[in-house]
Amino acid sequence: MALPSCLKTGVLMSPATGINFSGSLMKLDSGFAVPTKLQSNRKGDRERLRIQAVFSFPPAFLTRNGRAEKQKQLKQELLEAIEPLERGAMASPDDQLRIDQLARKVEAVNPTKEPLKSDLINGKWELIYTTSASILQAKKPRFLRSITNYQSINVDTLKVQNMETWPFYNSVTGDIKPLNSKKVAVKLQVFKILGFIPVKAPDSARGELEITYVDEELRLSRGDKGNLFILKMFDPTYRIPL
């Protein structure tokens with residue numbers, strides 16, 4: 001963790017609170033008030049000096065407003081990096097590595113520690129980036145690829161639904177089983193070809209999905225095959241038909 005610029009050398013900061021500092025304070029920038037308490041103890045012919053400094057306020061990035069600004073900044077950097085990549089279809093290996101690094105920074109500031117206990121996860125989400133080749137279908141001619149993909153989750157009914165748009169409008173619904181407060185096991189049940197022809201999913205249509213970040217606007221998930229999924233909220237009121 002980077003030290004505040006006002007401390008030049010020798011000051012240790014607690015990462016948990018950001019308020020206790022102790023050690024040998026060598027130099028202070030002018031205009032930055034730091035209360036100090038000096039204690040002198042003599043032992044034999046040698047004298048030791050201990051300086052204890054306590055900040056009256058935490059660094060800005062540890063305040064509520066500071067955390068919100070940090071989240072906003074990291075999300076914006078991620079979205080700007082994603083924008084030219086056509087949901088990932090145009091991403092090179094270097095692009096994928098960069099997006100993954102930016103995604104991990106966003107995940108590190110996840111404001112929702114137990115996503116499956118939050119209503120934020122419900123609704124209809126639009127996929128804006130993924131590394132999943134089966135979803136991107138990048139080897140197909142562009143006119144045969146789905147223009148937009150959506151995923152919906154209803155935690156109260158333990159249902160999930162993936163939907164494609166033009167040209168085929170395929171969809172699939174399934175069941176989810178919470179494994180912990182972030183991860184679910186997914187069992188797909190019924191595919192609908194062209195949006196209305198039902199086909200029972202094979203028993204092998206299973207997987208796991210971990211929600212690594214969610215707020216009112218953005219959701220990041222990682223699958224058990226190592227794929228990254230980044231989605232933005234499309235309709236928070238949408239319910240999966242039963």
Side-chain angles (χ1 to χ4, degrees), residues 1-7 11-19 21 55 57-133 135-136 138 149-151 153 155 178-184 186 207-234 236:
M1 178 180 294
L3 293 177
S5 60
C6 62
L7 300 182
V11 179
L12 302 179
M13 181 180 72
S14 167
T17 64
I19 59 173
F21 293 79
F55 280 92
F57 55 87
F61 67 88
L62 290 180
T63 66
R64 178 174 298 179
N65 289 339
R67 288 193 297 268
E69 284 301 313
K70 187 65 174 178
Q71 289 168 3
K72 182 178 179 181
Q73 175 190 342
L74 292 173
K75 285 167 55 178
Q76 187 61 34
E77 290 176 359
L78 177 61
L79 294 174
E80 288 177 356
I82 286 171
E83 187 175 5
L85 299 179
E86 294 188 11
R87 298 186 300 159
M90 300 298 293
S92 67
D94 286 344
D95 290 329
Q96 290 182 344
L97 178 60
R98 179 169 180 255
I99 297 301
D100 187 78
Q101 291 171 340
L102 292 173
R104 291 186 185 279
K105 291 182 180 180
V106 172
E107 290 166 337
V109 295
N110 182 16
T112 311
K113 302 306 180 185
E114 297 183 309
L116 294 176
K117 296 182 180 180
S118 170
D119 289 336
L120 291 175
I121 198 174
N122 293 319
K124 189 175 186 178
W125 296 82
E126 180 182 345
L127 182 71
I128 58 176
Y129 176 86
T130 184
T131 56
S132 172
I135 293 177
L136 293 172
N149 290 62
Y150 297 102
Q151 182 179 77
I153 295 178
V155 174
L179 300 177
N180 55 41
S181 62
K182 298 180 179 180
K183 183 183 290 188
V184 295
V186 181
E208 293 181 0
L209 189 69
E210 182 176 5
I211 313 301
T212 54
Y213 180 97
V214 65
D215 62 18
E216 294 85 353
E217 306 170 327
L218 193 69
R219 171 158 68 88
L220 278 67
S221 304
R222 293 183 182 269
D224 55 338
K225 293 181 174 62
N227 287 311
L228 171 65
F229 305 90
I230 302 177
L231 308 95
K232 67 178 182 180
M233 175 53 74
F234 181 79

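Below, each value reflects all heavy atoms present in this structure, side chains not excepted, and no hydrogens, waters or symmetry copies.
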side-chain contact (heavy atoms from CB on, under 4.5 Å) partners of [X], counting only residues at least two apart:
X      : result
Lys232 : Glu126, Ile128
Leu179 : Lys183, Ala185, Glu208
Arg222 : Asp100, Ala103, Arg104, Glu107, Thr212, Leu228
Asn122 : Asp119, Asn154, Val155

Suppose we screen for salt bridge (Lys or Arg N to Asp or Glu O under 4.0 Å). Which residues come up paired with Lys124, at least two apart in sequence or across chains?
none
Quick one: pull up [atom1] in [X] and [atom2] in [Y] and give me the separation to the nearest 0.5 Å.
X      : Y      : atom1 : atom2 : result
Asn180 : Leu116 : CG    : CG    : 7.5 Å
Arg87  : Ile230 : CZ    : CD1   : 13.0 Å
Ser221 : Asn227 : OG    : CG    : 11.5 Å
Phe229 : Leu209 : CZ    : CG    : 6.5 Å
Gln151 : Thr130 : CD    : OG1   : 10.0 Å
Ile82  : Glu77  : CD1   : CD    : 12.0 Å

Closer than 3.5 angstrom, by distance alone: can the side chain of Asp215 be matched with the main-chain N or O of Leu218 as a donor-acceptor pair?
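Yes; at least one donor-acceptor contact below 3.5 Å.
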How close do [X] and [Y] get, counting heavy atoms only, and between which atoms?
X      : Y      : result
Val109 : Tyr213 : O-CE1, 3.9 Å
Trp125 : Leu120 : CZ2-O, 3.2 Å
Thr112 : Ser118 : CG2-CB, 3.8 Å
Leu78  : Leu102 : CD1-CB, 3.8 Å
Asp224 : Gly207 : OD2-CA, 3.6 Å
Ile211 : Arg219 : CD1-NH1, 3.8 Å

Is the shortest side-chain N to carboxylate O distance from Lys75 to Glu217 below 4.0 Å?
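Here Lys75 pairs with Glu217 in a salt bridge, since their nearest N and O are under 4.0 Å apart.
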Is the number of heavy atoms from other residues, nucleotides or ligands within 6.0 Å of NZ (Lys113) greater than 12?
yes
Under the salt bridge (charged side-chain N to carboxylate O under 4.0 Å, His left out) definition, can you give me all pairs with a residue in residues 89-98, not counting sequence neighbours?
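Found none.
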State, without any angle test, whether Glu69 and Gln73 hold a side-chain donor-acceptor pair at a distance under 3.5 Å.
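No, because no side-chain N or O of Glu69 sits under 3.5 Å from a partner of the opposite role on Gln73.
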